[in-house]
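When a ligand or atom number is given, it counts from 1 through the structure's own listing order. All of these numbers come straight from a predicted model, not from anything done at the bench.
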Amino acid sequence: NSSSNLPERDNYVNNGFGYVKNPHLDLLSEDILYHFDLGTRTHDLPSMFGDVKFVCVGGSPNRMRDFAIFIYQELGLDGDGSDITDICAGTDRYSMYKAGPVLSISHGMGIPSISIMLHELIKLLHHAKCRDVTIIRIGTSGGIGIEPGTVVITDIAVDAFFRPQFEQVILDKVVIRNTQLDQKLAESLLHCSKEIDDFPSIIGHTMCTYDFYEGQGRLDGALCSFSKEEKCEYLQRAYIAGVRNIEMESSVFAAMCHLCGLKAAVVCVTLLDRLQGDQITHSHSVLKEFQKRPQKLISSFIKKQLHTC
Ligand code: R2B
Ligand code: URA
């Protein structure tokens, strides 16, 4: 009955100590992670991934490769990391790189794309018997009322109605999921960011939408049915509700990680202030430097964690 918009009861079954909550998985003789081109029969997942402690995910394959090389060098691993190879080379859906205990994976754009990736990633962590994993989405976003280049660390992801929830349709029912992220982790990341020079950063709500144009109140798409005044009024209301940036993956990311017991954070740089415009007009080199900021923060955070544990 699709009208029963009742909050979901947590009736998931825990498969032992891992992150998955699906009793059907135990019945499979082989699990094929189709979009990664990996599988439990074809690959020794525990030896390939058993030491993973940090997973960083982001939209673009090239950016996640750059991040893997960067963290490889920052962690002082053997060589310069430039020969790092795509573990998912057998498919062009996602790219995956490993630098010591850090896995770097691309997730494409939007909720369906990251959701598919997360199902397979969480199963991968389960099959590989990984423990105490922290997962961080590093990405780009549009800011609201903040200086472009500011890094927003999300406390909670909200939907286009500013509600702290994600609606997942399952067998013609709407299931409402919690989008709370790990507050301690967000605070530690903010603290860490304050130790980096010239690094504007804040904690705030992140609005997650299903579209980049009309869905984010842009006037510059192929379609637009609202006025500039209506757009501004909507974004002002978002700001008052605590929203500081807008992107397209945080809600399902927060919801899935929360349900699976993964410690998670979302760290996105803002490329523009949506109260000032819709088009991304900064030069390529400025945008490149902006996109490096979440990487810098996460690298500094991971280094700290590895040295204090
Ligand atoms: C941020 O940037 C992408 C759209 O340009 C989208 O994946 C997101 O969340
Ligand atoms: N990504 C988004 O989803 N929105 C923006 O405005 C910029 C990047």
Side-chain angles (χ1 to χ4, degrees), residues 35 56-67 93-95 104-118 121 135-154 156-160 162 166 179 181 200 202 204-224 226 228 231-232 234-236 238-239 243-257 264-284 286-295 298:
H35 302 87
C56 297
V57 304
S60 131
N62 281 334
R63 186 151 41 78
M64 296 321 287
R65 181 174 188 273
D66 290 348
F67 175 70
R93 296 296 186 185
Y94 304 108
S95 294
S104 177
I105 313 171
S106 69
H107 58 58
M109 284 191 283
I111 288 171
S113 183
I114 194 173
S115 161
I116 295 165
M117 191 285 283
L118 286 173
L121 168 65
I135 178 165
I136 303 172
R137 161 164 149 72
I138 50 176
T140 58
S141 61
I144 305 184
I146 55 178
E147 196 57 36
T150 304
V151 170
V152 178
I153 302 161
T154 308
I156 196 156
V158 300
D159 65 10
F162 322 135
F166 172 66
T179 52
L181 288 149
I202 55 168
H205 300 351
T206 296
M207 180 160 78
C208 182
T209 68
Y210 285 92
D211 171 47
F212 183 82
Y213 287 98
E214 288 178 291
Q216 294 187 6
R218 277 190 158 81
L219 300 166
D220 63 342
L223 292 170
C224 185
F226 47 85
K228 186 172 179 187
K231 165 202 157 175
C232 291
Y234 176 67
L235 293 182
Q236 291 289 356
Y239 185 88
V243 175
R244 293 295 175 271
N245 66 338
I246 315 174
E247 47 76 274
M248 300 176 59
E249 294 86 15
S250 58
S251 62
V252 73
F253 173 84
M256 288 183 72
C257 294
V266 176
V267 175
C268 290
V269 70
T270 57
L271 302 182
L272 76 169
D273 179 0
R274 291 298 316 290
L275 299 181
Q276 307 298 325
D278 295 335
Q279 300 235 317
I280 297 169
T281 52
H282 279 103
S283 67
H284 187 71
V286 168
L287 292 176
K288 252 194 129 169
E289 193 276 317
F290 283 178
Q291 291 186 35
K292 197 88 215 266
R293 292 183 183 181
Q295 301 189 21
I298 299 318

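Ranking protein heavy atoms by distance to atom 3 (C) of ligand 1, first place goes to M109 SD, 3.9 Å. The protein non-hydrogen atom at the shortest distance from atom 5 (C) of ligand 2 is G142 N, 3.3 Å. Ranking the protein heavy atoms by distance from atom 6 (O) of ligand 2 puts R218 NH2, 2.7 Å first. Scanning the protein for heavy atoms near atom 2 (O) of ligand 1, the closest one is T140 OG1, 3.1 Å. Taking atom 5 (O) of ligand 1 as the reference point, the nearest protein heavy-atom neighbour is F212 CE1, 3.6 Å.
When ring centroids are compared, Y94 and H107 stay outside the 6.0 Å threshold. The six-membered or imidazole ring of Y239 lies away from that of Y234, with a centre-to-centre distance of 6.0 Å or more.
If you look at L272 next to ligand 2, the close heavy atoms, those under 4.0 Å, all belong to the side chain. Residue contacts with ligand 2 for E249 are absent, since no atom lies close enough (heavy atoms, distance under 4.0 Å).
Ligand 1 has at least one atom lying under 4.0 Å from a heavy atom of R137. Under a 4.0 angstrom heavy-atom cut-off, D278 registers as lying outside contact with ligand 2.
Residues I246 and L235 have side chains in contact (heavy-atom distance under 4.5 Å, counting atoms from C-beta outward). Between E247 and Q216, every side-chain heavy-atom pair lies at or beyond the 4.5 Å cut-off. Inter-residue side-chain proximity for S250 and V266 is flagged as met; some heavy-atom pair is nearer than 4.5 Å.
In this structure, the separation between CD on Q291 and CG on N62 is 11.0 Å, given to the nearest 0.5 Å.
Near I246, the atoms of ligand 2 lying under 4.0 angstrom from a non-hydrogen atom of the residue are 2 (C), 3 (O), 4 (N). Atoms of ligand 2 lying under 4.0 Å from at least one heavy atom of S141, given by number and element, are 1 (N), 5 (C), 7 (C), 8 (C). Here is the list of ligand 1 atoms found below 4.0 Å of a heavy atom in E249: 6 (C), 7 (O), 8 (C), 9 (O). The distance from ligand 1 to the heavy atoms of E247 drops below 4.0 Å at these ligand atoms: 9 (O).
Ligand 1 has no nitrogen or oxygen under 3.5 angstrom from a nitrogen or oxygen of G108.
Ion pairing of D278 with K231 is present here, as a side-chain N (NZ or NE/NH1/NH2) and a carboxylate O approach within less than 4.0 Å. R293 has a carboxylate O that lies under 4.0 Å from a charged side-chain N of E289, or vice versa, which qualifies the two as a salt bridge.
Partner of F67 under the side chain to side chain contact (heavy atoms under 4.5 Å, CB included) criterion, out of S60, S106, C56, P294: C56 alone.
Closest to atom 4 (N) of ligand 2 by heavy atom, among M109, E247, Q216, M207, is Q216.
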*Let me see the working for T270 and N245 under side chain to side chain donor-acceptor pair (under 3.5 Å), right down to the final yes or no.*
CA-CA 7 Å; T270 57; N245 66 338; over 6 Å; no
